[in-house]
Each structure stands twice: as C-alpha cells, then as structure tokens.
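Below is one structure, written out as structure tokens; the observations come after it.
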Amino acid sequence: MSRIGVFLCYCGSNIAGTVDVEAVAEMARTLPGVVYVETNKYTCSDPGQEGVKNAIIEKGIDRVVVGPCSPRMHEPTWRKLLADTPVNPYMLEVANLREQCSWVHKDKAIATEKAKDLVKMAVAKVARLSPLHSTEIPVHKKALVIGGGIAGMQTALDIADAGFKVTIVERETSLGGKMVMLDKTFPTMDCSACICTPKMSEVGNHPNITVKSYSEVESVSGYIGNFEVTIREKAKYIDYTKCTGCGACETKCPSKVINEFEQGMSKRTAIYKMFPQAVPSKPVIDAEHCRMLQEGKCGVCAKVCPTGAINYQDEDKLTTETYGAIVFATGYKLIDWKPLYPEYGGGKYPDVITGLQFERLVNASGPTEGHILRPSDNKEPKSVVIIKCVGSRDPNKGKAYCSRACCMYSAKHAHQYLDKVPDGRCYVFYMDVRTPGKGYDEFYMNTVHDGAQYLRGRVSKIYKEGDKLICKGEDTLTSQQVTVAADMVVLETAMVPADGIDELAAKFTVGRDADGWLVEAHAKLRPVETNTAGIYLAGTAQGPKDIPDSVCQAGAAASKVIGLLNKDKLESNPQISRVNEALCQGDGACANICPYGAISIVEKQFRENSRKVTRPVAQVNPGLCQGCGACTVTCRAGAMDLMGYTNESIMREVDALCQW
Amino acid sequence: MRAIDLSAITDEDLQACAAIAAEAGVDLKDCYQCGKCTAGCPLAESMDLMPREIIRFLQLGDLETVLTAKTPWICAQCDVCSTRCPQNVDICSTMRAVRLASKHAGKQPVREADIFDDAFIANVKSHGVSNEQYLAAAYNLKSGHLMQDAGNAIRMLKRKMVGVAVHNSQGRAEVAALVDRALAADAKRRADASGKGGEA
C-alpha cells in the first residue's frame, strides 16, 4: 500500500480566499492510501518547503500530492525538493488549486467542491505512478544563429566572446539586416551605419564566428545539445578565396536591376555587393539577371576580374553540422501596404513612400546622396505628410497590434525633414504618441518644437491634384476636417514577420502566434526561450521592437545559450513515450502524428508462440521526444504510454472523479 | 460650450445608446476615435457634429445630444466611413439607427429630412416604385418649399426623366404589403424594447 502525503497551500489569500482549504484537507484524510495531510500558508516558501521535507521523512511518505499553484509555475521546485528526500522526484502530482480553481471561480462553495475533486484525482493518479530516472545527453558546444541583423550579430558576438563557436546563417548577401538600411537611430541620432558596420566587421573577423552569407537552413534534426542542421549556401558564382572585393566587375556589368537595398529607388548591376560596407565585402552574381548565366553571352566580369575569381559553373553547396543551441534572429519586413490601402493610392503615386524609403532618401550614401528629393520629379518637397499606423492598429486592413517603433521613427523622420528643409512644412497624422523609453518623450517634444504639426486623426484618403497629393484627415482635437496639399507622403507601415518564417519555424517546431511572430515559452518569465528546448529568440522574430530592445533581447538569448553550452551534459526528461512492443501493430500512426519526428518504425525480431517473427514496431528517440502525448491518444492498440502520464494513471483519475 | 455632467447620465440613457449600437450591429467600445470616418465624409461640412463625435456621444451615453443632432439626418448613407474604418465599426448603420431612434423619440433635428423620408415611403407604398415627380410635389407641399427644384422640371421633362404619367409597378400591392410589414415589425420591436425598459 502506498503512503501518500498531501500538502495543500493557502497561497496567502490567493487560494484560501475562494477555496476552504481546511475542508479540502479534511476530505483528503479519508482518501485511500493517504497517511498524512498538511496545510500551509505559503508552501513554496523556505519554511514551507522545510516542513514538507520533514513530514516526508518523519511519516515515511513515498508519494506526494501538492495542492498549490500551476505546475507550470512551481513543479520544478517540488521535484527539486523531492530530490533531497528518499522519494523519487517523479512520484509527485500537482493539483492546480490556483490557476485552475480559485482564480477562475467566485463562489467559495463551488470552488471548494472543485478543489476536492482535483485533490481526489491527484491522489488516485499518484498511487499509480512509478519512479522515473533521467539519463544524460551530451552538449555540442557550438551555436547556430539564424539571421545576421543587429539581433543576430549581437547574439553571435556575445556567445563568441564567451569562448564558444558560432555560425551565423544570413539569407542576404551581407550582414546588417534592416538596421544598416537606416540613416540615423533614435533617440540619440547616431548614424546607423556608423554603429552597425563596425559590428558587422567585428562579426566578420571574430575567430569564433563563421558567417555563412547568402545561405539558408535546408533541414534540421536532433534535439537540445545535438541539433544536426544542413545549410544551403546558394551559388555566388564567385570564388571568395580568390576575390579581393576590388569592385572592378561591378563597374563593367551591363545588366541593370532594381536595387532592393535602396528600396527600389535606384539600380544596381547583376554582379553586386548589397552596399559598399557589406560583410563579407565581396560581390555575388544575381543569376536571374546575369546575361552570361541566362543567355550564355557576356562574361565581362570574368574578363575584368584581376584574380580570376568568377566561376559561372558554381553550384549551391550543402553542409551539415551539429549545434548545441539555435537562436532565431530572423527579423521582420514591412507590411505590403499597396493592396491594403487603395485610399492612399495603392502604390500608384510614386511620391507616397514608406518609412524605409525615406531612410534611404535621407541617407548620405542613398540614391539622392542624402538630399530629400521626391521620387517622381526629384524636386525638394516643401510640405511632407507623415502618416502613422499604416497597417498597425488596423484589424480591418492590417494588423491589430502596435508596431512599437513607428512613433519614434516618425518623430525622427519629421525632425530630419525639418532639419534638411528648414523652410518646409511637416504634418504628422497620429492616433496616439507612444514614447515609453529612455529619452523618447523628450525626443518627440523636440520634434514638436522643431515645428512638426501633429494632428490627431487618421488620414482617410490621398488623391492627386496637379502635382500635389491632397491628404484628407480630421483633426479630432478640434473636430474639424483638415486637408493638406503635400508634395510627398511618408507612410509609417507595420512590421510583419520576415518572409519564409512559417516554413523555417515548422522545420524547428517553433510555435508562431496568430500574426506569425515566433512564440516565447512564457511572455514574462521565459521571454527568449521557445517551447522547443535549446532554441531561443532574439529581436523582431518574436514581435515588433526597436533597436535597443532587440540588442537587449540578443544579449539575453546569448546568456541562455552560454548557460547551456557551459554544461558538458544535460539531464534528459524521463517523461517521454514508451512503446509496449507486444501490443504495437507497427502501423505508424504515432510516427505520423509526432510533431518532433521522435518516432520511427523499425523491423524487429521477436519470439512469438515459439517461433521467430520479424515485424515492424515503433521506436521512440528519447532525445527528441518532448512528452506531448500525441502518440498515446493516436495509438489504436494502446501500445503507446507516456511515462508519468500512463493511460492507467489517467483512467484512475477519471475513476476518482466519477466514483469517489 | 456646455460641460457634460457624466454623473447625470442615467442607466436608461446608457441602455438606449447601447440599443442604438446593437441595432446597427456595432460594439461602441471598438471605436478608438481616430477620425478616419470623419476625414473621408463627403458631407461633414454640413453637419453639426462630426460622425466620429456621434460615436463618442454614444460611448458617453449622452442620448439627448445624439437624438437631437443633425448629423445622422444629413448623412447620405454612402458607407465610405464604414468601409475605411480600421476597427470595423459600421458608422453608416449607426447613423441610420440613430435616425430611427430620433424619429421615434419625436425629435425632428432636420425637419426636411424627416418629411422627405415619410413622403418617400408613402410614394413607394402607393406606386410600388418611386415616382419622382409626385415625390417632389409631395415633399414641396409638405415642407412648404413650394418652388424647390422647380427650375429643373422643364429640363427633366425635355429629357423624359420625369413625366406626367404615373408609373405603377405590377407588384405594387406586394410592395405595399412589404412596406407595411417592415413598419409593423419595427413598431413591434420598439414596443417590446420599451416594455423591457430599454429604449425611450
């Protein structure tokens, strides 16, 4: 007969305010196998834990039920406590009396009844548990960072500085991400390139960092400490061991292509470096637009290259390596506003531009060499309208969320415009000005004092009259319709997840929210971890944020990775699936449903009825299994069991609920 | 400008405002007062309150202001506001609901609009379709603006846009029955609502 101890918690008044804990304790004393019941005001406190420990030893308890808050909160605490006692840490059941009872009910009588049921179920289940033991898994002391923007670079640098090897996979031809496209950064107005490009070269030269540019993750398998990742390095058609980055090829290439880095406002060649300070500081050939690769005629770059680095026969290269930890720093893109906002011209007016286009217009190395000239006729706009929340806070057309950085960068844009065009007028249409950050509100007020006219209201329509763009809005503070005849309009558009993140997240079984952002394990307490162990988040992959926040999160993710890589071995979670091979039919339903690819079907030899037979059975990879239990409910034969949550123990819970 | 005494707003006022919103299928709490509705409204300059302000007064529960406002009666029901609203608030239907509530409360913020509405319904009911020359005549007589748009009559006659002949649709009895049914259903709904102490 088991000797069960039940420890119920008041959680101050959190539980006791809605649940009569003493009545629950009274009931628990009558349950089969229960030898000891105790209540405590704060069971998780030091004296509370000490009491539990002492009771276990004094009363010879061999299984424990606790009735406090959610196991998500404190299950590790209780397991750690049991590790210091003769009781196996997995001979534990948590009856969640707070989140699933007292917090969601108002009526004390009903809540108390429910609490009793929860405790009954826990007691019934704990009686059927068996001890579990974790095993050790090795840790490969190398990290993979996906994305080479500011968040990815910072993460990589922090990990590399701690002495671990890091690989950065960057899909574009250069590191830098979005930050390197920006002109200046709020609130201090440092030149973005001046603080970003040194980081890029630091990353490029760091002995512990390998940069794989123009590369993408092809496939992944494995688990925490042991991720096997295949990376596809796209054909660059240039031998980087020979190329010196002299740039002769770029000056001679006859193909002219729209320049993505300059937001479509200028042209580049087919053999190109994304921008002059690119890292790696060597070009690639854009195969789609290269005359030699498309038509077999041209070859000018090969002729002018002094080192013979051009290789038209280059092919994609696949490499596979093992990493202990992975950081997603995949960033964002701007929402495609054109199909969503026909009332703003839907893209038919060239002088209605995005904030990122403005960044390039105002940048000294941009298409206009830093002169603010509107795209249609290269004239200096004397009146500019800035519209905030285009696609943000707009569930009808765009996204419901606030993109968080736009209030500040629109203030920056207004400031920069008024700085460069002192006789110009600048109008900012806003709904709210959100400036919670160090020095942020001061920055906004400075912009107001620069002369930016802030108008509280959304613009309803933009239409053309002559060479003016008429913006119709309401100044909601005076309840007047207002119109502005603008020379140029800047739309501060919403941030949305980067292209391809859906496929990538699926490969790594990282969760995404309704808007496509990657989901952290806990919004407050585990903000840089994902629900897949060993995979972390940095920067805007997780949601819209500005540069300071991205850098903070990058540091946090790096410290988590360093903590992991510092360990030589990890303890595995023993609460994983186990196959009863006698019952298994080998039909593979479990393998198909497993979201972690942890189950495979193998042919195995058995002795059945005094004969040797070979038949297929399921096999669980203990490193990959996360203990989700999907296989156990899928298996028709009932051959799959989740340790710690066996089918039998769950049926006992149901019995307790219905029969006790 | 008067001050609004928010404490003087009764539960009945709040319920009546909620009933107007419910009739329009609108959750007043969705509106965050961005003003995009007003910004695009083609008739805003003729209005006494901006469309956004009608929603705001409904949010506050200031029923009297809403029911006596000219704005809903000037609204042309063009639907631009609802189409562009980022929060999917159907401002256009709200205007119609306010107009109905205002009429049933015996208010007549824009006398001509009210007379025109009644003349239009009577016209459709008796002919099955709108006969514009009779509608114009009925409106001019009832409103006292006897010569309004009379200058257009000759040109419209010439272009055969209007005529002396009465056009009655074949199914005018069915149309009349439809109009009666709609009016009866509206009256019943209102009677039920006021029975529950809902709407004034």
Side-chain angles (χ1 to χ4, degrees), chain A residues 335 337 339-346 385 387-403 406-407 427-434 454-463 469-484 486 489 491-494, chain B residues 1-4 24-60 62 65-66 68-72 74-76 78-95:
Chain A
I335 198 168
W337 66 275
L340 303 176
Y341 289 91
E343 65 264 45
Y344 295 167
V385 165
I387 305 176
K388 300 209 286 191
C389 297
V390 177
S392 308
R393 302 179 69 197
D394 187 342
N396 188 11
K397 287 171 183 282
K399 300 292 177 186
Y401 54 77
C402 162
S403 287
C406 335
C407 278
Y427 306 86
V428 183
F429 281 92
Y430 72 100
M431 296 206 296
D432 293 290
V433 178
R434 296 179 170 177
Y454 272 68
L455 297 150
R456 196 199 163 279
R458 253 187 203 275
V459 169
S460 175
K461 191 163 178 67
I462 302 171
Y463 56 94
L469 292 159
I470 312 295
C471 303
K472 281 189 75 168
E474 185 197 359
D475 176 35
T476 59
L477 301 180
T478 57
S479 294
Q480 300 288 317
Q481 276 186 328
V482 290
T483 57
V484 182
V489 179
L491 306 179
E492 311 293 28
T493 46
Chain B
M1 282 284 162
R2 75 197 166 101
I4 305 173
V26 162
D27 183 346
L28 291 171
K29 293 184 186 72
D30 283 344
C31 174
Y32 53 29
Q33 295 285 308
C34 72
K36 198 176 180 186
C37 49
T38 302
C41 178
L43 290 171
E45 61 192 53
S46 312
M47 292 173 171
D48 55 348
L49 290 176
M50 294 297 110
R52 175 186 57 77
E53 291 177 297
I54 295 290
I55 304 285
R56 184 66 190 144
F57 282 116
L58 284 169
Q59 286 176 332
L60 292 175
D62 190 345
T65 302
V66 172
T68 52
K70 291 189 166 71
T71 295
I74 288 165
C75 168
C78 73
D79 214 36
V80 162
C81 47
S82 300
T83 308
R84 291 185 188 156
C85 174
Q87 291 287 91
N88 276 321
V89 176
D90 189 348
I91 301 111
C92 188
S93 297
T94 309
M95 291 298 164

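Lettering follows sequence order; numbering is per chain, from 1. Since we're looking at a predicted model, the values are computed, not measured.
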Does Glu45(B) reach the main-chain N or O of Gln481(A) with its side chain, forming a donor-acceptor pair under 3.5 Å?
-> no
Smallest heavy-atom separation, Cys41(B) atom then Lys472(A) atom, equals O-NZ, 4.4 Å
Shortest non-hydrogen pair, Ser460(A) vs Gly40(B), comes out as OG-CA, 3.1 Å
Among Gln33(B), Arg84(B), Lys36(B), find the one that has a side-chain contact (heavy atoms from CB on, under 4.5 Å) with Arg458(A).
-> Lys36(B)
Under 4.5 Å from any heavy atom of chain B - which part of Phe429(A) = neither
Mind listing the closest non-hydrogen atom pair of Thr83(B) and Asn396(A) along with its distance?
-> O-ND2, 3.6 Å
With a 4.5 angstrom heavy-atom cut-off, could you sort out which part of Cys85(B) is near chain A: side chain, backbone, both or neither?
-> backbone
Tell me, out of Glu343(A), Gln480(A), Lys397(A), who's got the most heavy-atom pairs with chain B below 4.5 Å.
-> Glu343(A)
Given side chains that start at C-beta, do those of Arg52(B) and Ser479(A) come closer than 4.5 Å, heavy atoms only?
-> yes
Would you say Tyr32(B)'s side chain and Met431(A)'s backbone share a donor-acceptor pair under 3.5 angstrom?
-> no
